[in-house]
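Quick note: numbers below take in every heavy atom, side chains included, and nothing from hydrogens, waters or symmetry partners.
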Amino acid sequence: MQYLHTMVRVSDLDASLRFYCDLLGLKEVRRKENDKGRFTLVFLAAPEDESRSAELKAPELELTYNWDPEEYTGGRNFGHLAYRVDDIYALCEKLQNAGVTINRPPRDGHMAFVRSPDGISVELLQKGDPLPAREPWASMENTGSW
């Protein structure tokens with residue numbers, strides 16, 4: 001058995017690509033347009049997974065954009081996406097500066113949660129050992145659900 005991808009439906013492809021690619025740092029590795037089915041599939045990979053994605057088509061995040069508007073609720077129902085990051089504080093600062101709410105701040109220097117534009121919960125985990133506690137994160141309260 002091999003893990004291939006996680007699929008999430010998105011309501012605004014541009015906003016989702018900005019979040020996942022421009023802010024989180026994932027890379028678009030391929031795209032499929034289906035005129036008959038009226039949908040677009042965009043496959044993303046973490047930078048350290050790009051070569052495996054090219055070879056194996058895995059591990060990836062599949063964004064599914066249906067051209068006919070639908071309302072998606074309960075994005076957290078499936079759980080969350082998780083990514084290991086080089087510097088959790090720097091990424092959280094970048095996300096926050098771009099207007100993303102840090103739902104569970106990295107108070108412990110190890111773990112944080114944010115949400116995509118469609119309400120998908122995304123867990124960020126510090127690579128290696130936790131970073132030393134640092135403000136403003138150490139005293140920041142949770143915001144919303146994660």
Which heavy atom of [X] sits nearest to which heavy atom of [Y], and what is that distance?
| X | Y | result |
| --- | --- | --- |
| Ile102 | Pro105 | CG2-CA, 3.5 Å |
| Ser11 | Asp118 | OG-OD1, 2.6 Å |
| Ala138 | Ala133 | CB-CB, 4.3 Å |
| Phe19 | Val114 | CZ-CG2, 3.9 Å |
| Tyr3 | Ala58 | O-CB, 3.3 Å |
| Met140 | Gln96 | CE-NE2, 3.8 Å |

Rounded to the nearest 0.5 Å, what separation is found between the [atom1] atom of [X] and the [atom2] atom of [Y]?
| X | Y | atom1 | atom2 | value |
| --- | --- | --- | --- | --- |
| Thr6 | Glu62 | OG1 | CD | 9.5 Å |
| Leu95 | Leu124 | CG | CG | 6.5 Å |
| Arg18 | Ser16 | CZ | OG | 11.5 Å |
| Arg38 | Asp68 | CZ | CG | 4.0 Å |
| Asp87 | Cys92 | CG | SG | 9.0 Å |
| Asn142 | Arg104 | CG | CZ | 7.0 Å |

How about Ser145 and Arg115: does a side-chain donor come under 3.5 Å of a side-chain acceptor?
yes
Ignoring hydrogens and geometry beyond distance, is a side-chain donor-acceptor pair present between Asn103 and Thr143 at under 3.5 Å?
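No, no side-chain donor-acceptor pair sits under 3.5 Å.
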Single-linkage hydrophobic cluster, 4.5 Å side-chain cutoff, [X] and [Y] together:
| X | Y | result |
| --- | --- | --- |
| Phe43 | Val8 | no |
| Leu23 | Tyr20 | yes |
| Val10 | Val100 | yes |
| Leu61 | Leu13 | yes |
| Leu17 | Leu41 | no |

Is the count of non-hydrogen atoms from other residues, nucleotides or ligands lying under 6.0 Å from [X] atom [atom1] greater than 12?
| X | atom1 | answer |
| --- | --- | --- |
| Glu141 | CD | no |
| Arg9 | CZ | no |
| Asp129 | CG | no |

Between [Y] and [X], is there a side-chain heavy-atom distance shorter than 4.5 Å?
| X | Y | value |
| --- | --- | --- |
| Asp14 | Tyr65 | no |
| Glu48 | Asp86 | yes |
| Leu63 | Leu44 | yes |
| Val85 | Leu24 | no |
| Ile120 | His80 | no |
| Lys94 | Asp22 | no |
| Pro47 | Lys27 | yes |
| Glu123 | Leu81 | no |

Run the numbers on Thr40 and Trp67 for side chain to side chain contact (heavy atoms under 4.5 Å, CB included), then give the verdict.
CA-CA 8 Å; Thr40 301; Trp67 300 352; 2.8 Å; yes
Is there a donor-acceptor pair under 3.5 Å between the side chain of Asp49 and the backbone N or O of Arg52?
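Checked: no pair found.
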Stepwise, does the side chain to side chain contact (heavy atoms under 4.5 Å, CB included) test hold for Leu4 with Lys57?
CA-CA 7 Å; Leu4 297 178; Lys57 305 271 189 273; 5.9 Å; no
Tyr89 and Trp137 aromatic ring geometry - parallel, tilted or perpendicular at 30°/60° bounds
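Parallel.
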Taking NZ, NE, NH1 and NH2 as the nitrogens, is one of them in Arg30 or Glu60 under 4.0 Å from a carboxylate oxygen of the other?
yes
Decide yes or no on side-chain hydrogen bond (donor to acceptor under 3.5 Å, both in side chains) for Ser51 and Glu55, but give the supporting numbers first.
CA-CA 6 Å; Ser51 61; Glu55 178 185 343; over 6 Å; no
